[in-house]
Amino acid sequence: MAMHQEDFVERLLQVMEGKSHWAWPLFTSGQVSRELLHVHFEQEYETYVRDFPVLVARAYVQCPIAEVRRELAENIYEEETGGLIAGRPHPELFLEYPRGLNMDVSRFERVELLPAARRYRAVLDQATQGSGWEIAAAVSTLFIEGTPYERGEIDQTAPRRPAPPLEQHPLVVHYGLPVEHLALTKAHRQVEGEHRAAAWRILVKHVGEPVRPRVVEAMQSALEAWLAYRDDVAAACGLTRPRTRSSPPRASGVWSNSSLRPGK
Ligand SMILES: [Fe+2]
């Protein structure tokens, strides 16, 4: 059955709106003890932060469409070098968070993934290798890099990705991170709009109808694996799931788009 463009976009948006985890409000309100917070950063780094430029590059090498490759190349260049905006590679800037929190940064060279983190990474590898450029591009530039606020990127009437002042970042407020160590958050504020727009241009304009159902399926698999991964991280950070949902489950709070966040 044909999946029309509108259905395709709607299905993708719904997957992204599910990228919200119960533990997130606990992370962003300082409920994780200072001694365990490193687990979160290490697992994030090892599952996708360090290799994010490579994941996008896997879409690039498989893609026969020059226009799409140009969009991807720009993303890869910025992520890998910071040459357009950030000034430094994004994975390197990510390490400024643990560095600013006086964590042992050498630990990031030998991270052992939690079981569901390993599975999440395997799903990302499968999606970006040998599944075709469309799935690789969707999972890297939309699922990993995107937020639960994707609707706001393409629909003027939908809620926008919030961008509160950096001084109010949970790492600053609850863990005393000096604001200058939020370099990656700052860089993302500057490039994010363009990366989000590029991801949607690619998916809307260039993913052919026959491939769309498989792309949606791959996005759903990524979401399921991500939720299980975040369950593992939450448990390792000493969190247990609250019995009742006291707050709206939709988005994961205003900091869903920082790097103490479930998005790139
Ligand atoms: Fe980035």
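Just so it is clear, the values below take in all heavy atoms, side chains as well, and ignore hydrogens, waters and symmetry mates. Remember, it's 1-based here, ligands and their atoms both numbered in the order they're listed.
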Which atom of H188 is nearest the Fe ion (ligand 1), counting N, O or S only? It is NE2
Can you tell me if H195 has an N, O or S atom under 2.8 Å away from the Fe ion (ligand 1)? no
I'd like to know if the side chain of E145 pairs up with that of Y48 as donor and acceptor (distance under 3.5 Å, no hydrogens or angles considered). no
Close side-chain approach of L55 to D125, heavy-atom, < 4.5 Å: yes
Might you confirm whether atom CD of Q220 has over 12 heavy atoms from other residues, nucleotides or ligands at distances under 6.0 Å? yes
Crowded around E180 CD? As in, over 12 foreign heavy atoms under 6.0 Å? yes
Of all N, O or S atoms in H90, identify the one at the shortest distance from the Fe ion (ligand 1). ND1
Heteroatom N/O/S of E79 within less than 2.8 Å of the Fe ion (ligand 1): yes
